[in-house]
Novice: 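Below you will find the structure I want to go over with you.
Because the structure is a prediction, the values reported are computed rather than measured.
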Protein chains: 2
Amino acid sequence: MEDKRRQILDAALAIADEDGLDAVSMRSVAARVGMSPMALYPYVGSKAALLDGLVGRLLGELSTGDALRPMQPVGTGPGQRSQEWREGLRTLANRMRALARRHPSAFMLLLSRPSVTPEAAGAVDAVYQGLLEAGVPPKDVPRIERLVSTFVLGFAASEVNGRFAVDDPQLRARRGVDLPAHKTLGAVLLEVDWDAEFEADLRDLEQLIASLVRPG
Amino acid sequence: MEDKRRQILDAALAIADEDGLDAVSMRSVAARVGMSPMALYPYVGSKAALLDGLVGRLLGELSTGDALRPMQPVGTGPGQRSQEWREGLRTLANRMRALARRHPSAFMLLLSRPSVTPEAAGAVDAVYQGLLEAGVPPKDVPRIERLVSTFVLGFAASEVNGRFAVDDPQLRARRGVDLPAHKTLGAVLLEVDWDAEFEADLRDLEQLIASLVRPG
DNA sequence: ACCTGAACACCGTTCAAGT
DNA sequence: ACCTGAACACCGTTCAAGT
């Protein structure tokens, strides 16, 4: 049944959270759900398909709770453009980042495996709808969705996987490389507030989107 | 010697290009360079360290040829702000995308492994320098570097790994999900020119950067 | 229909041994 | 100093067999 499949994916996600993605094996997952390794195959197909299933499992976690895009406020007249898309964008982006923090190892799968699950298509459709209502020209809508989703996924992944690791200047000096611009920036490089940075990035991207909106 | 290490990394990259990252094993790499698997260890340390070495190998390929950032043109007076950063950004972004096309499998490592190699620091420093010369406030420079590099890496990775796969509407209809915004957009979703999209994205990001430039 | 267990062809890495 | 080969504890997956 579909219930057992979910149980298997939950076990795989738990192992990834606890011991990393490399620890997810057919054998370790099977042991956690109390089955033989081969008993997983009817439910997940293969190891690769299990990882694809994990992508669906992650995206499913994204949309729990209230809807992705808040409802249109009743007071918005035809003359003034709705600004709800801004809050919708922020909500989705912040949920994505929270998801990465909950499941750092498994989150990388969202960037490495093409996600054409119904869950993914639904999220994309909500963003399309928001951009259309915001007044972005239809021909730019899919591009802007990809631009923003690429940034949000990439930022969240980079943050939890250490790509943004602040490089210790002392350590760098010991290696003997001189980086003039790093020296110029100095202390600015050390004090990073990731929450504030993500907020600032979203503000800039909102401004970018607003600049594309055709008058009307 | 350092020469043999390079030879080992080249072999690993060749295997990744030909048969995917999963095909890169200590055994397969060793066989390609004509050594025993254990003979690799003094040069690369471990399998994980070998993959980190591959990140350095990839970034090294980025900066071959001319410099990352073109020279300052002689005619730029003190009154007018240099616009060279635009070309520098485009050059680096396009090289990154070309790198992803040359090494699709190995490219994912740039997003999953923290790269604190000298090669990476040098590239980042060049971008810092460009943004500073463009007039971006110092406090915003590292943030904008991360914003742009995250997008460029994410776009290139998504493109070569199929995350941007155009979903066939017929196939989606067969699955029985209805996506209103997808229906509204219609044909716009099918005709995608990735070169043009990347260009448009870079233009938008340049505009975003220009909007941050303080007058002077 | 659903599950098991042995087996096959692989892994990364340790260790004792060779030159 | 540099390399080898056997061995250990793992993999994903096939296959024949059980209930």
Novice: For a 4.5 angstrom cut-off between non-hydrogen side-chain atoms, does A:V188 reach B:P142?
Specialist: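 Counting from C-beta outward, A:V188 and B:P142 do come under 4.5 Å.
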Novice: Within this structure, what is the OH-to-C1' distance between B:Y41 and C:dC15, rounded to whole angstrom?
Specialist: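 Taking atom C1' of C:dC15 as the reference, OH of B:Y41 is at 13 Å.
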Novice: Quick one: does A:F107's side chain get under 4.5 Å of A:N161's, heavy atoms only?
Specialist: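 Result no, sub-4.5 Å side-chain heavy-atom pair not found.
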Novice: Expressed in angstrom and rounded to an integer, what is the separation of A:D22 atom CG from C:dT13 atom P?
Specialist: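 Rounded to the whole Å, the gap is 11 Å.
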Novice: In whole Å, what is the span from the CD atom of A:E2 to the P atom of C:dC2?
Specialist: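 One finds 13 Å between P of C:dC2 and CD of A:E2, rounded.
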Novice: For B:M35 and C:dG18, what is the distance between atoms CE and P respectively, to the nearest whole Å?
Specialist: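 The distance from CE of B:M35 to P of C:dG18 comes to 22 Å, rounded to the nearest Å.
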Novice: Report yes if at least one side-chain N or O of A:K4 is closer than 4.0 Å to OP1 or OP2 of C:dC3; otherwise report no.
Specialist: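 For A:K4, the contact criterion (side-chain N or O under 4.0 Å from OP1 or OP2 of C:dC3) is met.
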Novice: NZ of A:K47 versus P of D:dC11: gap in Å, rounded?
Specialist: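 About 9 Å, once rounded to whole Å.
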Novice: So, OP1 or OP2 of D:dC3: does either fall under 4.0 Å of a side-chain N or O from B:Y43?
Specialist: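 For D:dC3, OP1 or OP2 has a side-chain N or O of B:Y43 closer than 4.0 Å.
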Novice: Look through every strand shown and name the nucleotide pairing with D:dC15 as Watson-Crick or G-U wobble, where both distances are under 3.5 Å.
Specialist: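 Answer to the pairing question: C:dG5, which forms a Watson-Crick or G-U pair with D:dC15.
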Novice: Check the phosphate of D:dG5 against B:S36, side-chain N and O only, distance under 4.0 Å to OP1 or OP2. Yes or no?
Specialist: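 For B:S36, the contact criterion (side-chain N or O under 4.0 Å from OP1 or OP2 of D:dG5) is not met.
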Novice: Taking any heavy-atom pair under 4.0 Å as a contact, classify A:M26: base, sugar-phosphate, or nothing.
Specialist: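 Touches sugar-phosphate only.
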Novice: Should B:R57 and B:L109 count as side-chain neighbours, where that means a heavy-atom distance under 4.5 Å?
Specialist: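 Counting from C-beta outward, B:R57 and B:L109 never come under 4.5 Å.
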Novice: How many whole angstroms separate atom CZ of A:R27 from atom P of D:dT13?
Specialist: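 Distance, rounded to whole Å: 11 Å.
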